[in-house]
Amino acid sequence: MKGVIFNLLESLIVDKFGDEILEEIYAEAHFSADVLPFVGPESYPDSDWFAMATLLSEKINLPVDDLVYELGKYMFPVLADRYPVFLDNLRSPLEFLKSVNDVIHVEVDKLFEQSNPPLIKVEDVNHNKARLRYYSERKLCKLVEGLLDGVADYFGQKISYSHQQCMRDGARECILHLQFS
Ligand code: HEM
């Protein structure tokens with residue numbers, strides 16, 4: 001996983017819970033050797049990211065799933081602010097979401113060598129409904145849910161979603177039904 005995703009988790013920790021918790025997490029996590037500080041374009045083991053998330057979840061007494069969801073919601077406006085070019089000329093959340101797989105994550109892959117972004121395929125069902133397919137060995141579909149709410153807030157348009165099938169229940173990929181108001 002790219003350092004940028006570690007840095008977003010670190011920012012959430014500092015913004016919402018303070019520097020001290022982050023220092024405690026650094027001290028208690030059994031990271032792979034010499035990973036600190038996490039640098040945006042570098043790749044680090046997924047297990048180090050999950051170690052940070054799990055320790056935070058224990059410290060603030062919030063299930064990891066809820067924490068990962070909150071991170072998704074928190075990180076979307078940060079990404080939108082950092083990479084405005086990906087939102088230029090896209091007027092609807094559906095149009096934007098369709099660009100994630102074939103434009104944004106492709107550009108990210110060029111920008112950061114050896115990235116390993118997930119599959120996020122969004123296909124129309126009818127004029128205000130779509131289907132989102134998510135596949136990643138990291139199984140971070142709660143991050144997708146948080147990001148979807150972040151996208152909805154950004155565009156000022158509600159997106160309702162329901163998980164029709166989930167990798168965490170053994171499905172090959174997650175399928176979310178999306179409805180745009
Ligand atoms: C400006 C918008 C966005 C940018 C710049 C961006 C960039 C990135 C980057 C750099 C990574 C790390 C990849 C790696 O570690 O190899 C990532 C991961 C991820 N992205 Fe995006 N992303 C954006 C929007 C979205 C949206 C809207 C979604 C979903 C609706 C999404 C879903 C994910 C997920 C779930 C991951 C975690 C890794 C995984 O599941 O395997 N991203 N993204």
Side-chain angles (χ1 to χ4, degrees), residues 1-12 32 35 38-53 64-124 129-164 166-168 171-180:
M1 181 112 79
K2 284 292 169 195
V4 63
I5 305 295
F6 284 76
N7 294 159
L8 287 161
L9 178 56
E10 291 170 324
S11 300
L12 175 132
S32 327
V35 284
F38 295 110
V39 179
E42 296 292 323
S43 296
Y44 302 95
D46 292 351
S47 54
D48 288 342
W49 190 88
F50 282 101
M52 272 174 72
V64 176
D65 278 0
D66 295 355
L67 174 63
V68 170
Y69 164 83
E70 289 301 335
L71 176 65
K73 206 167 163 192
Y74 169 88
M75 76 189 234
F76 185 70
V78 179
L79 289 173
D81 194 46
R82 198 176 297 169
Y83 303 101
V85 64
F86 293 134
L87 288 126
D88 283 354
N89 306 320
L90 295 177
R91 279 157 303 157
S92 76
L94 176 57
E95 211 183 325
F96 170 72
L97 288 170
K98 283 181 178 170
S99 75
V100 170
N101 200 66
D102 298 340
V103 179
I104 299 177
H105 283 169
V106 172
E107 290 304 317
V108 158
D109 202 31
K110 288 185 204 156
L111 203 65
F112 303 134
E113 283 173 15
Q114 292 175 329
S115 78
N116 184 16
L119 174 95
I120 302 274
K121 269 285 185 196
V122 177
E123 296 145 348
D124 288 322
K129 288 189 181 156
R131 183 173 36 239
L132 184 154
R133 293 166 47 216
Y134 167 74
Y135 173 80
S136 163
E137 284 176 6
R138 301 179 183 119
K139 300 184 183 169
L140 285 172
C141 48
K142 286 287 163 192
L143 195 71
V144 174
E145 291 187 2
L147 281 157
L148 285 172
D149 283 336
V151 170
D153 288 348
Y154 181 90
F155 283 92
Q157 197 179 328
K158 188 166 166 45
I159 307 173
S160 312
Y161 49 77
S162 61
H163 241 100
Q164 296 299 305
C166 184
M167 291 185 77
R168 286 145 38 114
R172 199 173 50 84
E173 60 183 11
C174 292
I175 296 186
L176 280 77
H177 285 187
L178 312 181
Q179 181 157 359
F180 300 85

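Given the structure is predicted, the values throughout are model-derived calculations rather than measurements. First listed ligand is number 1; within each ligand, the first listed atom is number 1. The chain is numbered in sequence order, starting from 1.
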Donor-acceptor contact below 3.5 Å, side chain Tyr44 vs main chain Val39: yes
Atom 28 (C) of ligand 1 - nearest protein heavy atom and its distance: Leu147 CD1, 3.5 Å
Check: Tyr83 N/O within less than 3.5 Å of ligand 1 N/O: no
For ligand 1, the portion of Ser115 having any non-hydrogen atom under 4.0 Å away: both
Is it the side chain, the backbone, both or neither of Leu87 that has a heavy atom closer than 4.0 Å to ligand 1? neither
If you compare all heavy atoms of Phe38 against all heavy atoms of Met52, which two are closest, and at what distance to 0.1 Å? CE1-SD, 3.7 Å
Between Arg82 and ligand 1, find which residue part has any heavy-atom pair under 4.0 Å and reply side chain, backbone, both or neither. neither
My understanding is that we take every heavy atom of each candidate and find the minimum distance to atom 7 (C) of ligand 1. Doing that for Val151, Val108, Val122, Leu176, which one comes out nearest? Val108
Distance-only donor-acceptor hits, side chain of residues 67-75, under 3.5 Å, sequence neighbours excluded:
residue : atom : partner : partner atom : Å
Tyr69   : OH   : Asp149  : OD2          : 2.5
Tyr74   : OH   : Ser11   : O            : 3.4
Tyr74   : OH   : Asp15   : OD2          : 2.6

Please list the nearest protein heavy atom to atom 22 (N) of ligand 1 with its residue and the distance rounded to 0.1 Å. His105 NE2, 3.1 Å
Under-4.0 Å heavy-atom contact with ligand 1, by part of Lys2 that carries it: both
For atom 12 (C) of ligand 1, which protein heavy atom lies nearest, and how many Å away is it? Ile5 CG1, 3.5 Å
Any donor-acceptor pair under 3.5 Å from Tyr134 side chain to Leu140 backbone: yes
Between Val100 and Val122, is a side chain to side chain contact (heavy atoms under 4.5 Å, CB included) present by the stated rule, with each step listed? CA-CA 9 Å; Val100 170; Val122 177; over 6 Å; no
Which side-chain N or O atoms in residues 108-119 pair as donor and acceptor under 3.5 Å with protein atoms at least two apart or in another chain?
residue : atom : partner : partner atom : Å
Asp109  : OD1  : Ser115  : OG           : 2.6
Lys110  : NZ   : Glu107  : OE2          : 3.0

